[in-house]
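Read through the structure below, which is laid out as structure tokens, and then see the notes.
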Amino acid sequence: MNDNAKALLEGGPQDLPQRIVPVPSPGSDVKIEIRNGYEHFRATSRQADTPEGSLPVYEWWERTEMPS
């Protein structure tokens, strides 16, 4: 993991704990665990100005449930 790589998350649940998150490697999907499942975000070609500088934008694309 590149400790400096971060992304801005768009879409998905309104109650995500954070919208600026570390990414495993640039361009990799981001998976956030929340409410007994995972929210999945994919890289876009866009950048956004944030308090932490210009970051790549990742858009929500699906949710998967954890096995019970």
Not counting sequence neighbours, list each pair that qualifies as a side chain to side chain donor-acceptor pair (under 3.5 Å) and has a residue in residues 51-60. K6-E52, E39-W60, R46-E59, Q47-S54
Do the non-hydrogen side-chain atoms of V30 and H40 ever get within less than 4.5 Å of each other? no
Under the side chain to side chain donor-acceptor pair (under 3.5 Å) test, which residues partner T44, sequence neighbours left out? none
Working to the nearest 0.5 Å, report the span between CE of M66 and OH of Y38. 4.0 Å
Just how far is it from atom CD of Q14 to atom CZ of R19, taken to the nearest 0.5 Å? 6.0 Å
Contact between L9 and I20 at the side-chain level, heavy atoms closer than 4.5 Å - yes or no? no
Between the side chain of S25 and the main-chain N/O of S28, is any donor-acceptor distance below 3.5 Å? no
With sequence neighbours excluded, what pairs up with Q18 under the side chain to side chain contact (heavy atoms under 4.5 Å, CB included) test? V21
Hey, could you give me each pair passing salt bridge (charged side-chain N to carboxylate O under 4.0 Å, His left out) that has a residue in residues 24-34? Not counting sequence neighbours. D29-R42
With N36, which residues qualify under side chain to side chain donor-acceptor pair (under 3.5 Å), at least two apart? none
Sequence-distant partners of D49, salt bridge (Lys or Arg N to Asp or Glu O under 4.0 Å), two or more places apart: none
Transitively linked via ILVMFWY side-chain contacts under 4.5 Å: V23 with L16? yes
Contacts of S45 that satisfy side chain to side chain contact (heavy atoms under 4.5 Å, CB included) - sequence neighbours left out: none
Least distance between heavy atoms, L8 atom then T50 atom: CD2-CG2, 4.3 Å
